[in-house]
A.B. asks: 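Before I ask anything, let me first share the structure, which is written out below as structure tokens.
The chain is numbered in sequence order, starting from 1. Keep in mind that this is a model prediction, so the values were computed, not measured.
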Amino acid sequence: MMKKWFCAGLAVLELLNLQTRAADSTVMPVRGFCIAAPRPADLDRFVQFIDKELAPRGVNTLVLRVDYNYQFQSRPELRDDGGLSREDVKKLVSVCRKNDIHLIPQINLLGHQSFGKTLGSLLARHPEFDETPWVKMPEKYKWPNADRLYCKSYCPLHPQVHEVVFALMDELCDAFETDAFHAGMDEVFYIGETNCPRCGGKDKAELFAGEVTTLHDHLREKGRRLWIWADRLLDAKTSGLGEWEASANGTARAIDLIPKDVMLCDWHYERDVPTPPYFAMKGFHVVTCPWKSSRLAVSQADDMAQWRSRSPAELKERFEGVMQTVWSGAGSFLDKDYTSEPNATNAWNCLTAMFGEIHKLQSETK
């Protein structure tokens with residue numbers, strides 16, 4: 001009798017949980033979390049973190065920045081030493097499937113092909129793809145510098161680059177059993193450079209849009225959706241956002257040239273900027289993305305809920321929700337942010353504040 005009572009209680013709790021998730025979707029359809037994919041040594045505790053912390057809070061979308069932290073078979077020259085195996089990835093797939101979490105892998109494409117004084121795997125192994133081969137990696141990195149080197153880019157018009165990129169995308173999407181892929185594409189400073197023999201002198205908005213469209217079309221052929229960061233589609237001067245949160249090199253006009261079903265991830269970390277309505281009015285679905293400021297994250301969640309509630313039906317559905325971003329490794333996040341004091345300024349406390357606000361918003365709609 002006790003066993004039956006216990007099982008019945010679990011069934012009721014599960015039903016209530018499902019009802020809560022369904023209700024939350026009306027306020028915030030996408031409730032996301034973005035972080036670097038764990039290294040194998042941190043995998044099991046990260047899986048537990050998904051199961052015991054993210055899922056109960058209502059996270060339903062997980063973007064993992066994999067890059068080359070995977071044992072690629074299609075392009076083995078690009079994989080990191082000791083990267084995740086296919087069996088490791090299946091643990092992530094399993095826990096996300098159990099908790100109805102949409103799992104999306106990311107590889108930084110176009111820009112972010114270097115960091116500091118270190119080349120990323122793509123250009124390290126395939127230097128022929130470099131948009132700016134004349135810009136040498138420094139022994140000691142500093143910003144600003146004479147070359148305006150923030151991160152290297154690959155040349156989007158190199159005739160062999162997509163043969164490599166597509167293989168990586170396809171293999172990762174297959175391993176993660178997903179219908180979506182995040183291509184990064186933020187903070188692209190090098191594009192259409194004058195000395196590039198292929199794209200020098202070409203319109204930078206058209207170059208950026210061409211790369212977005214190329215990646216989008218390849219994914220669409222396989223029933224998958226492209227996600228990107230949205231900053232290169234904002235104009236730095238007219239918005240007043242500057243060259244990090246927006247584009248100062250002419251790519252912003254690409255917003256009128258790319259497919260409308262690309263999911264835009266709109267990040268602002270120091271101020272609450274009303275750019276999601278701009279993207280929505282242009283026909284795009286958008287999520288807003290905080291980082292460390294709990295105050296800002298709560299405000300951004302409130303804004304997203306208000307835009308959804310006040311907009312016509314056609315516009316409402318484009319305000320998809322929120323996605324907490326973490327810019328450290330998964331292991332470092334679990335060691336530091338996750339175990340920090342409740343009033344510390346970090347991504348974990350930002351997430352808990354934002355999701356607390358989402359649940360509050362939901363309770364107010366009942």
A.B. asks: What about Met354 and Ile35, same hydrophobic cluster or not, with Ile/Leu/Val/Met/Phe/Trp/Tyr joined at side-chain heavy-atom distances under 4.5 Å?
C.D. replies: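 Yes, because Met354 and Ile35 connect within a single hydrophobic cluster, where side-chain heavy atoms sit under 4.5 Å apart.
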A.B. asks: Which pair of heavy atoms, one from Val287 and one from Met323, lies closest together, and at what distance?
C.D. replies: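 Of all heavy-atom pairs spanning Val287 and Met323, the closest is CG2-CB, 4.5 Å.
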A.B. asks: Count the heavy atoms belonging to other residues, nucleotides or ligands that lie under 6.0 Å from NZ of Lys260, then report whether that count exceeds 12.
C.D. replies: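 More than 12 within 6.0 Å, yes.
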A.B. asks: Just wondering, more than 12 heavy atoms not from Met137 lying within 6.0 Å of its CE?
C.D. replies: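 Yes, because the 6.0 Å sphere around CE of Met137 holds more than 12 heavy atoms from other groups.
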A.B. asks: One thing to verify: whether Asp147 and Lys136 come together as a salt bridge, which I'm taking to mean a side-chain N less than 4.0 angstrom from a carboxylate O.
C.D. replies: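 Salt bridge: no.
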A.B. asks: Any salt bridge between Asp51 and Lys98, counting N to O under 4.0 Å?
C.D. replies: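 So Asp51 pairs with Lys98 through a salt bridge.
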A.B. asks: Parallel, tilted or perpendicular, judged at 30° and 60°: which one describes the rings of Tyr150 and His112?
C.D. replies: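 Correct class here is perpendicular.
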A.B. asks: Does atom OH of Tyr141 have more than 12 heavy-atom neighbours, drawn from other residues, nucleotides or ligands, at distances under 6.0 Å?
C.D. replies: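 Correct, the count exceeds 12.
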A.B. asks: Is there side-chain contact between Tyr278 and Asp266, with at least one heavy-atom pair below 4.5 Å?
C.D. replies: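 Answer no - side chains too far apart.
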A.B. asks: Apply side chain to side chain contact (heavy atoms under 4.5 Å, CB included) to the pair Leu43 and Leu92, showing each step before the final yes or no.
C.D. replies: CA-CA 8 Å; Leu43 176 63; Leu92 294 165; 3.8 Å; yes
A.B. asks: How far apart are the C-alpha atoms of His126 and Val161, what are their side-chain angles, what is the distance that settles it, and do they pass the side chain to side chain contact (heavy atoms under 4.5 Å, CB included) test?
C.D. replies: CA-CA 9 Å; His126 293 278; Val161 71; over 6 Å; no
A.B. asks: Give the cluster check for Leu296 versus Trp348: same hydrophobic cluster or not, with ILVMFWY residues linked at side-chain heavy-atom distances below 4.5 Å.
C.D. replies: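 Per the 4.5 Å side-chain linkage, Leu296 and Trp348 are not co-clustered.
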A.B. asks: Under a 3.5 Å distance rule, please check whether Asn69 uses its side chain to pair with a backbone N or O of Pro38 as donor and acceptor.
C.D. replies: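 Answer holds: yes.
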A.B. asks: Do you reckon Leu257 sits in the same ILVMFWY cluster as Leu219, going by side-chain contacts under 4.5 Å, direct or chained?
C.D. replies: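 No, it is not one cluster - the side chains of Leu257 and Leu219 are not joined through contacts under 4.5 Å.
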A.B. asks: Can you tell me which residue pairs pass the side-chain hydrogen bond (donor to acceptor under 3.5 Å, both in side chains) test with a partner in residues 159-168, sequence neighbours excluded?
C.D. replies: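 Every side-chain hydrogen bond (donor to acceptor under 3.5 Å, both in side chains) pair that includes a residue of residues 159-168, provided the two are not neighbours, is His162-Glu211.
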A.B. asks: Answer yes if the side chains of Trp267 and Asp231 hold a donor-acceptor pair under 3.5 Å, and no otherwise.
C.D. replies: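 Distance-only check passes for Trp267 and Asp231.
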A.B. asks: Just say parallel, tilted or perpendicular for the rings of Tyr338 and Phe49, cut-offs at 30° and 60°.
C.D. replies: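 If you compare the ring of Tyr338 with that of Phe49, the planes turn out perpendicular.
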A.B. asks: Could Asp335 and Arg45 be called an ion pair, given the rule that one side-chain N must be under 4.0 Å from one carboxylate O?
C.D. replies: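 Here Asp335 pairs with Arg45 in a salt bridge, since their nearest N and O are under 4.0 Å apart.
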A.B. asks: Using atom types as modelled and distance alone, determine if a side-chain donor or acceptor of Ser247 lies under 3.5 Å from a backbone N or O of Thr251.
C.D. replies: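 Such a contact is found between Ser247 side chain and Thr251 backbone.
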A.B. asks: Looking at Glu243 and Arg148, is any side-chain nitrogen of the basic one under 4.0 Å from a carboxylate oxygen of the acidic one?
C.D. replies: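 Looking at Glu243 together with Arg148, the answer is yes, because their closest N to O distance falls below 4.0 Å.
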A.B. asks: Check whether the side chains of Thr132 and Glu193 place a donor and an acceptor atom closer than 3.5 Å, and report yes or no.
C.D. replies: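 On atom types as modelled, these side chains do not qualify, holding no pair under 3.5 Å.
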A.B. asks: Angle class for the His218/Phe166 ring planes (parallel below 30°, perpendicular above 60°, tilted otherwise)?
C.D. replies: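 Parallel.
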A.B. asks: Determine whether Asp130 and Lys152 satisfy the following criterion, salt bridge (charged side-chain N to carboxylate O under 4.0 Å, His left out), listing intermediate values before the conclusion.
C.D. replies: CA-CA 7 Å; Asp130 194 344; Lys152 287 265 194 175; 2.8 Å; yes
A.B. asks: Going only through I, L, V, M, F, W and Y residues with side-chain contacts under 4.5 Å, is there a path from Leu123 to Val66?
C.D. replies: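 Linked, Leu123 and Val66 end up in one cluster.
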A.B. asks: Take Arg224 and Asp174, measure what salt bridge (charged side-chain N to carboxylate O under 4.0 Å, His left out) needs, and give me the verdict at the end.
C.D. replies: CA-CA 11 Å; Arg224 292 165 176 155; Asp174 288 344; 2.7 Å; yes
A.B. asks: Any salt bridge linking Glu53 with Arg57? Criterion: basic side-chain nitrogen under 4.0 Å from a carboxylate oxygen.
C.D. replies: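 Arg57 and Glu53: salt-bridged.
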A.B. asks: Can you find a side-chain donor-acceptor pair between Glu317 and His285 that sits under 3.5 Å?
C.D. replies: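 No, no side-chain donor-acceptor pair sits under 3.5 Å.
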A.B. asks: Using the rule that two of Ile, Leu, Val, Met, Phe, Trp, Tyr join whenever any of their side-chain heavy atoms come within less than 4.5 Å, decide whether Leu172 and Phe46 are in one cluster.
C.D. replies: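 As far as the 4.5 Å side-chain criterion goes, Phe46 and Leu172 are connected within one cluster.
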A.B. asks: Search all heavy atoms of Ala37 against all heavy atoms of Ala330 and return the closest pair with its distance.
C.D. replies: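 That closest heavy-atom pairing would be C-CB, 4.5 Å.
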A.B. asks: Do you know the tightest heavy-atom contact between Asn249 and Val188?
C.D. replies: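 Closest pair (atom of Asn249, atom of Val188, distance): ND2-O, 3.1 Å.
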A.B. asks: Are there more than 12 heavy atoms of other residues, nucleotides or ligands under 6.0 Å from atom NZ of Lys90?
C.D. replies: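 Enclosed.
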A.B. asks: Does the side chain of His268 come under 3.5 Å of the side chain of Glu245 through a donor N or O and an acceptor N or O?
C.D. replies: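 Note: His268 and Glu245 side chains meet the donor-acceptor criterion.
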A.B. asks: Check step by step if side chain to side chain contact (heavy atoms under 4.5 Å, CB included) holds for Leu215 and Val165.
C.D. replies: CA-CA 9 Å; Leu215 300 175; Val165 166; 4.0 Å; yes
A.B. asks: Answer yes or no: is there a side-chain heavy-atom contact under 4.5 Å between Ser153 and Ile191?
C.D. replies: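 The answer is no; the side chains never approach within 4.5 Å.
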A.B. asks: Go through the side-chain N and O atoms of Gln113 and Tyr190 and say whether any donor and acceptor fall under 3.5 Å apart.
C.D. replies: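 Not at all, the side chains of Gln113 and Tyr190 share no donor-acceptor pair under 3.5 Å.
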A.B. asks: With heavy-atom distances below 4.5 Å as the criterion, would you say the side chains of Asp217 and Arg220 are in contact?
C.D. replies: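 Yes, their side chains come closer than 4.5 Å.
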A.B. asks: Return yes if a side-chain donor-acceptor contact under 3.5 Å exists between Arg65 and Asn108, otherwise no.
C.D. replies: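 No, no side-chain donor-acceptor contact under 3.5 Å.
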A.B. asks: Would Tyr68 and Leu168 satisfy side chain to side chain contact (heavy atoms under 4.5 Å, CB included), going step by step from the backbone distance to the final call?
C.D. replies: CA-CA 9 Å; Tyr68 304 101; Leu168 298 174; 3.8 Å; yes
A.B. asks: Is Asp203 paired with Arg253 through a side-chain N to carboxylate O contact shorter than 4.0 Å?
C.D. replies: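 Yes, Arg253 and Asp203 are salt-bridged.
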A.B. asks: With distance as the sole criterion, is a donor-acceptor pair present between the side chains of Tyr269 and Trp327 under 3.5 Å?
C.D. replies: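 Yes, a side-chain donor-acceptor pair sits under 3.5 Å.
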A.B. asks: Does a side-chain heavy-atom distance below 4.5 Å link Leu233 with Phe208?
C.D. replies: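 Of all side-chain heavy-atom pairs linking Phe208 with Leu233, at least one is under 4.5 Å.
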A.B. asks: Do Phe72 and Glu77 make a side-chain contact, defined as non-hydrogen atoms from C-beta onward lying under 4.5 Å apart?
C.D. replies: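 No, their side chains stay 4.5 Å or more apart.
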